[in-house]
Amino acid sequence: MHRRHLLRFAGLAAAAPLARPFLGALPLADDIRVDPASLPRAPLRLAPRLHGPALTLRAQERVVEIAPGVKARAWTPGEGPVGPTIEARKGEKLNIVLENALPEPTILHWHGLRVPEAADGHPRLAIEPGSRYDYEIPVIDRAGTYWYHSHAHHRTGIQSYRGMSGFFLVRDEHDDALQLPAGVHELPMLIQDRRLANDGTLVYDPMMHENMEGFFGDAAFVNGIRLPMHEVETTTYRLRLANGCTSRILRLALSNGAPFLMIGTDGGLLPRAESLTSIDIGPGERVDVLADFAAVPVGQTVSLVSQAFENPAMGMMGMGMGGRGMGGGPGRMGAGGIPQGGALPLVEFRVARAVAPQPWRAPALLHPERFPVRQAVRIRTFRFESMRMQHTINGRDFDMSRIDESVPSGDTEIWQFVNPSPFPHPIHVHENQFEVVERIGGRGRIMPWERGLKDTVLVMPGEQVNVRLTFDVYRGRFLMHCHNLIHEDMGMMLNFAVE
Ligand code: C2O
Ligand code: CU
Ligand code: CU
């Protein structure tokens, strides 16, 4: 089955055996005992950057340091605890080889980018251990904070959690022209919540109730490092923040109450910058913001945090769902996560050096492109339901070979995402950057961080969110799904064919 599909994309993919498919048991000190409260902060690490035109990602199990003196088994397509950052320019063509040295099938998806069907990482394209997949990716999208992660059938959650995820940054002339903070002043940060067991392993074992609401970690990991710290200068930083959590919504804020200057969303720069003191992003969403430490005295710290908010499931589920197991205390880590809406420290910035102020000033217009005014010719409605231990779209769960919707190429459509369930659903559409046009019920408005190009939108319980989209580049079979990876793996996903 896999092989047949590989062969069908003749020339793109070849199944060639690799030398060692799986490393087997790796040494891991079993005397590691971690008391979460006592762990010092580890320096933040940025993933190594990879450039085209040809690059190889070898997915394998590696023992990586995720906190000072604490090693964990990660599954990653690079050397670090998460995948490397792929950097490309619009107009470039990349050849990416994925080698699977994991003990199970995998495939990578380039979230947010418009790519040919054969390069989209559909689960039916997953490759067996010992095989490779050749992606040909013409980078046609504009500068933005895209990312990639595993899209293996039923295994997206655990593989992405273990490290099969990373950034895919695209740059172009508009981005260059703004002379945004760059180099050491640009920090891509992939945020994930995980549970670190006291033997140093990363636990992912959703229990029954977690299969409904989602799986929540007991601490934040940034670029695969647990609760990191980073030394900064008294200047402006560009933070490219991705929510790579399994199920958690993040309410991003700075601990000193200073605002972010938001400059971009999932699909790139906004028409104009906006000052915001907090930003909500669900799993799969990204935000490009500037944080200014110019006014912070040297020696002080400012943290990037996820602020507490009311668990949207609480009202509808009653007590007991979200209130349980705040970490469980030393020795019982892994017993439960911090519930949805719980406060979570992310990264601590230590202001270490004063530099001559070089304030970045936003031009009146950040990006010249506006949403095209196109009349929608069709409306489709999708209901995301979670009940009786099932997560469905319009009453159905995912069938790899069933085409649920046929979408004529070039037509502009309105897709209505309706959430009658007690849980938030961050809805993601492949192969597209859409416009959020309306939210009915719940928050009742388009949030400030939803005014740019989006590929994922958070639909809270009781909400309907309408988006306008057009597929006019590639034809083929693509996916739409909930990006709560528990829900996705349990079938809250469908195939649409652009024809
Ligand atoms: Cu980021 Cu199909 O997903
Ligand atoms: Cu995607
Ligand atoms: Cu969902």
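Indexing begins at 1, ligand by ligand and atom by atom, following the structure's order. The first residue of the sequence shown is numbered 1, and numbering continues consecutively from there.
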Regarding His428, does it place an N, O or S atom less than 2.8 Å from the Cu ion (ligand 2)?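 A backbone or side-chain N, O or S atom of His428 is under 2.8 Å from the Cu ion (ligand 2).
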Using 2.8 Å as the threshold, say whether any N, O or S atom from His111 sits that close to the Cu ion (ligand 2).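 Checking the Cu ion (ligand 2) against His111, no N, O or S atom falls under 2.8 Å.
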Please determine which of Met447, Arg445, Met460 meets the side-chain contact (heavy atoms from CB on, under 4.5 Å) test together with Arg439.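 With Arg439 as partner, Met447, Arg445, Met460 yield a single side-chain contact (heavy atoms from CB on, under 4.5 Å), made by Met447.
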Backbone N/O of Glu285 and side chain of Asn243: donor-acceptor pair under 3.5 Å: no
Is a side-chain donor or acceptor of Arg62 paired with a backbone partner of Gly78 at a separation under 3.5 angstrom?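 Checked: pair present.
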Within-2.8 Å protein N/O/S contacts of atom 2 (Cu) of ligand 1: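 Less than 2.8 Å away from atom 2 (Cu) of ligand 1 sit His151 NE2, His430 NE2, His481 NE2.
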Do the ring planes of [X] and [Y] sit parallel (below 30°), tilted (30 to 60°) or perpendicular (above 60°)?
{"X": "Phe398", "Y": "His122", "answer": "tilted"}
{"X": "His111", "Y": "His428", "answer": "parallel"}
{"X": "Phe471", "Y": "Phe496", "answer": "tilted"}

Any residue meeting side chain to side chain contact (heavy atoms under 4.5 Å, CB included) with Arg162, in chain and number order, not counting sequence neighbours: Trp75, Ile158
Test side chain to side chain contact (heavy atoms under 4.5 Å, CB included) applied to Trp110 and Ile86, step by step: CA-CA 10 Å; Trp110 321 98; Ile86 297 170; 3.8 Å; yes
Basic-acidic side-chain contact under 4.0 Å: Arg73, Glu61: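 Yes, charged N to carboxylate O under 4.0 Å.
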Under the rule for salt bridge (Lys or Arg N to Asp or Glu O under 4.0 Å), what residues qualify as partners of Arg49, not counting sequence neighbours?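 With neighbours one apart ignored, the set is Glu87, Glu186.
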Sorted by chain and number, protein N/O/S atoms nearer to the Cu ion (ligand 3) than 2.8 Å are His425 ND1, Cys482 SG, His487 ND1
